[in-house]
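To keep things clear, I will list the structure first and then write my remarks on it.
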There are 2 protein chains.
Amino acid sequence: MVIRGSTPMGMPSGVPEVVIMRLPQYIRILSEMLAGGVEMVSSQQLGEMLQVTPAQIRKDLSYFGRFGKQGRGYNVKGLLAELKEIMGLDRSWNVGLVGVGRLGRAILSYPGFAPEGFHIIAAFDADPNLVGRVIGNLNVQSMNELDTVVKELDISIGIVAVPSRHAQGVIDRLMDCGIKAILSYAPIAPQGQAGVKIRNIDPVLSLQTMTFYLSSGSAED
Amino acid sequence: MVIRGSTPMGMPSGVPEVVIMRLPQYIRILSEMLAGGVEMVSSQQLGEMLQVTPAQIRKDLSYFGRFGKQGRGYNVKGLLAELKEIMGLDRSWNVGLVGVGRLGRAILSYPGFAPEGFHIIAAFDADPNLVGRVIGNLNVQSMNELDTVVKELDISIGIVAVPSRHAQGVIDRLMDCGIKAILSYAPIAPQGQAGVKIRNIDPVLSLQTMTFYLSSGSAED
DNA sequence: GCTTGTGAAGACCTTCACAGCA
DNA sequence: TGCTGTGAAGGTCTTCACAAGC
């Protein structure tokens, strides 16, 4: 159901989603290399670090341009900058969190988001006892204020940390506000609208996808 | 059914990994349906709930057997039982946690694992100040005891909740103990051995795979 | 009628292999 | 020499479409 064609702005699309899923991993490795003082890297070397074939890396990059030099490889700093720009990771993103229960608080206190440019700048909860309280430096707001706050603060990403039974409703509310990217921690199969990206964080599901290999005695990788 | 090489026990393997990734989702929906009193379900209905085509569901199931009845669909209870058995989810699994810092404690207090048969029965940490303390009903043990405890308690799954810089080392240690399934919360690209399944929980990476679509103005789903 | 199970077809993604260039 | 970028080939997964059967 993917519509291949041109995109409103001149950006190349029709890039396979699998490619988009890999680029952040390239970015991460390149960042580490840059920090380690590495200047040039070949697709061979990158591939070894990521358990990916060199051809795959070259092909992935070729969707966006020609970043390498024959015989030398890629300039780490340059490629990193290019990839960050392509992925929209050369800027900050404002994030809104829905649900400030135990999980929501853990998310608010997780120090890994901000350094990567993801700033949780608003928190919402349906529980009137929580609304108005300050949690993790944020004033918890009512769900009624969702639409207003999302627009006022230019929030473009939503994180859902509410009980499963409320998750789909919250996701619907977020989409109604024009949110196009949602990270859900609820163990459900979310129904999304076209043009909205939803990713799930679901440790149990992750475990459940491994037990097959444990019980089947399979020798597969 | 394509048999691509036999497995030590009679189990069919050569099942695409994508299929294995989807089955737990089918299981989840079927569980909900069973709880809701639904008796029969068609691939059409299942597909709507999961945003998957009916043909895909039928094909996925056909790797393992013929569970449906023409004209009627699948018996919810029966299919659920079959799928659980196939995936090794009709039993309990013992899990060991490495790292009892903030994240590790959050994992220990997460109530979602046990009901699905994943029991965290041992916790380890490299920090001598933590070893011997009781956290989440578990006596934190030294990394030196890893091998012994894994074997004694029949632990077959490891969860890694240590700082990134130690994650690969911990993963290596777990693999050395014979652990074949690892859930890592560290934001790294883990290097695994053949025959070992590793899944990552990485919210930042998940966010980073969505921003492309936010910034490109793409109309893709 | 309705729905499964499945070969065949098609779409998609990965890998190959080599021309081109530093 | 070494490595990229890329058409072409190959492989894998998805979808189609229909015979079979309730």
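Residue numbers begin at 1 in each chain, while the letters A, B, ... track the order of the sequences.
At a cut-off of 3.5 angstrom, the base of C/dG7 holds at least one donor-acceptor pair with the side chain of B/K59.
No donor-acceptor distance shorter than 3.5 angstrom exists from the side chain of B/E39 to the backbone of B/V76, with no hydrogens or angles considered.
Here A/Y74 reaches the OP1 or OP2 of D/dG5: one of its side-chain N or O atoms lies under 4.0 Å away. Between A/Q56 and C/dT14, a side-chain N or O to OP1/OP2 separation shorter than 4.0 Å is present. Listed pair B/R22 / D/dC13 fails the phosphate criterion, with no side-chain N or O lying under 4.0 Å from OP1 or OP2. Phosphate proximity of C/dT4 to B/S43: present, with a side-chain N or O under 4.0 Å from OP1 or OP2. Close to D/dG21, at under 4.0 Å from its OP1 or OP2, lies no side-chain N or O of B/R72.
Of the candidate nucleotides D/dG5, C/dT15, D/dC13, D/dC13 has the atom lying nearest to any side-chain atom of B/V18. Distance from the side chain of B/R58 is smallest for D/dA17 among the nucleotides C/dT15, D/dA17, C/dA22. Nearest nucleotide to the side chain of A/R66, out of D/dT6, D/dT4, C/dT4: D/dT6. Distance from the side chain of B/S42 is smallest for C/dT3 among the nucleotides C/dG5, C/dT3, D/dC13.
Residues B/V95 and B/I155 fail the side-chain proximity criterion, which asks for heavy atoms closer than 4.5 Å. A 4.5 Å side-chain heavy-atom check between A/Q45 and A/Y74 finds every atom pair outside the cut-off.
A salt bridge links B/R199 with B/E17; the closest basic N to acidic carboxylate O contact falls under 4.0 Å.
Remark: C1' of C/dC13 and CD of B/E17 are 16 Å apart, rounded to the nearest angstrom. In this structure, the CD1 atom of B/I57 is 13 Å from the C1' atom of D/dT15, given to the nearest Å. Rounded to an integer number of Å, the gap from A/L46 CG to D/dG2 C1' is 16 Å. Following rounding to the nearest Å, A/L79 (CG) and D/dC3 (C1') show an atom-to-atom distance of 14 Å. Computed from coordinates, the B/F64 CZ to C/dT4 P distance equals 18 Å when rounded to whole Å. In this structure, B/Y63 places its OH atom 13 Å from C1' of C/dG7, rounding to the nearest Å. The nearest whole Å value for the distance from the CG atom in A/L61 to the C1' atom in D/dG5 is 10 Å. Atoms CD (B/Q44) and C1' (D/dT15) sit 14 Å apart, rounded to a whole Å.
To the nearest 0.5 Å, atom CZ of residue B/R91 and atom CG of residue A/L214 are 8.0 Å apart.
Taking the nucleotide of DNA chain C with the nearest heavy atom to each of A/Q70 and A/A55, the more 5' of the two is matched to A/A55.
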